[in-house]
Amino acid sequence: MDYDNQNQGNGPLHYQFEQTAPPRNGMTTAASVLGLATIVTCVLLTVYIPFVTGSLAILFALLSKGSDKRMSPSALSGITSAVVGLVMNVILIISVITLYLTNPVIHERANQLFEQRYGLTIDELWEEYRQ
């Protein structure tokens, strides 16, 4: 009997293959990290940073594809999270502008804060800009 898995010519050959990890692509890792950073910075209520991290995540994911027909799962997760973060950021900006334009209490408070900081209200600034 063959207990040591050594073939002596009377049974099937037992080959052992080493499994190697697929090569890592730095662009896919960067895309997934930046995609997650897009969502995190949007949740932290920043305005400009999600646009930068989201567009970089999409760019890196597209560049990581190279000549392959399919994108890696890590690159796809980077694109997905970047798009989700960008959509969240746009919705946040639209809701703040809508709230400012429709709620008179918030409009008045924003005018007061703007006047304290810059010496004129937002409405006065718009009047100067229109002329």
Between [atom1] on residue [X] and [atom2] on residue [Y], distance to nearest 0.5 Å:
{"X": "K65", "Y": "N25", "atom1": "NZ", "atom2": "CG", "answer": "13.5 Å"}
{"X": "Y100", "Y": "N111", "atom1": "OH", "atom2": "CG", "answer": "4.5 Å"}
{"X": "I79", "Y": "L34", "atom1": "CD1", "atom2": "CG", "answer": "12.5 Å"}
{"X": "L59", "Y": "L63", "atom1": "CG", "atom2": "CG", "answer": "4.5 Å"}
{"X": "L120", "Y": "W126", "atom1": "CG", "atom2": "CH2", "answer": "12.5 Å"}
{"X": "S77", "Y": "M71", "atom1": "OG", "atom2": "CE", "answer": "11.0 Å"}

Could you walk me through whether L125 and Y118 pass the side chain to side chain contact (heavy atoms under 4.5 Å, CB included) check?
CA-CA 10 Å; L125 183 67; Y118 300 108; over 6 Å; no
Are [Y] and [X] connected into the same hydrophobic cluster when the rule is that any two of I, L, V, M, F, W, Y join if their side-chain heavy atoms are below 4.5 Å apart?
{"X": "L101", "Y": "L113", "answer": "no"}
{"X": "V47", "Y": "V87", "answer": "yes"}
{"X": "L62", "Y": "V52", "answer": "no"}
{"X": "I49", "Y": "I91", "answer": "no"}
{"X": "F51", "Y": "V96", "answer": "no"}

Apply side chain to side chain contact (heavy atoms under 4.5 Å, CB included) to L86 and V90, showing your working.
CA-CA 6 Å; L86 288 172; V90 167; 5.6 Å; no
For residues 48-63, pull every pair meeting side chain to side chain donor-acceptor pair (under 3.5 Å), keeping only residues two or more places apart or in separate chains.
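Matches after skipping sequence neighbours: T38-T53.
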For the student: nearest non-hydrogen atoms of [X] and [Y], plus distance:
{"X": "T46", "Y": "P50", "result": "OG1-CD, 3.3 Å"}
{"X": "T102", "Y": "T98", "result": "OG1-O, 2.7 Å"}
{"X": "G85", "Y": "C42", "result": "O-SG, 3.9 Å"}
{"X": "L76", "Y": "T80", "result": "O-OG1, 2.7 Å"}
{"X": "T28", "Y": "S72", "result": "CG2-OG, 3.2 Å"}
{"X": "S81", "Y": "S32", "result": "OG-O, 4.5 Å"}

Side chain proximity check, I93 to N89, heavy atoms < 4.5 angstrom
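Answer yes - side chains close enough.
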Clusters formed by hydrophobic residues whose side-chain heavy atoms approach within less than 4.5 Å: which one holds V43, and what are its other members?
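In the cluster with V43 are I39, V84, M88.
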Could you identify which residues cluster with L99, counting Ile, Leu, Val, Met, Phe, Trp and Tyr as linked when any side-chain heavy atoms lie under 4.5 Å apart, either directly or through a chain of such contacts?
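Members besides L99, by chain and number: I106.
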As a quick check of understanding, evaluate side chain to side chain contact (heavy atoms under 4.5 Å, CB included) for Q112 and E115, giving each step before the final call.
CA-CA 5 Å; Q112 290 173 355; E115 186 174 18; 5.7 Å; no
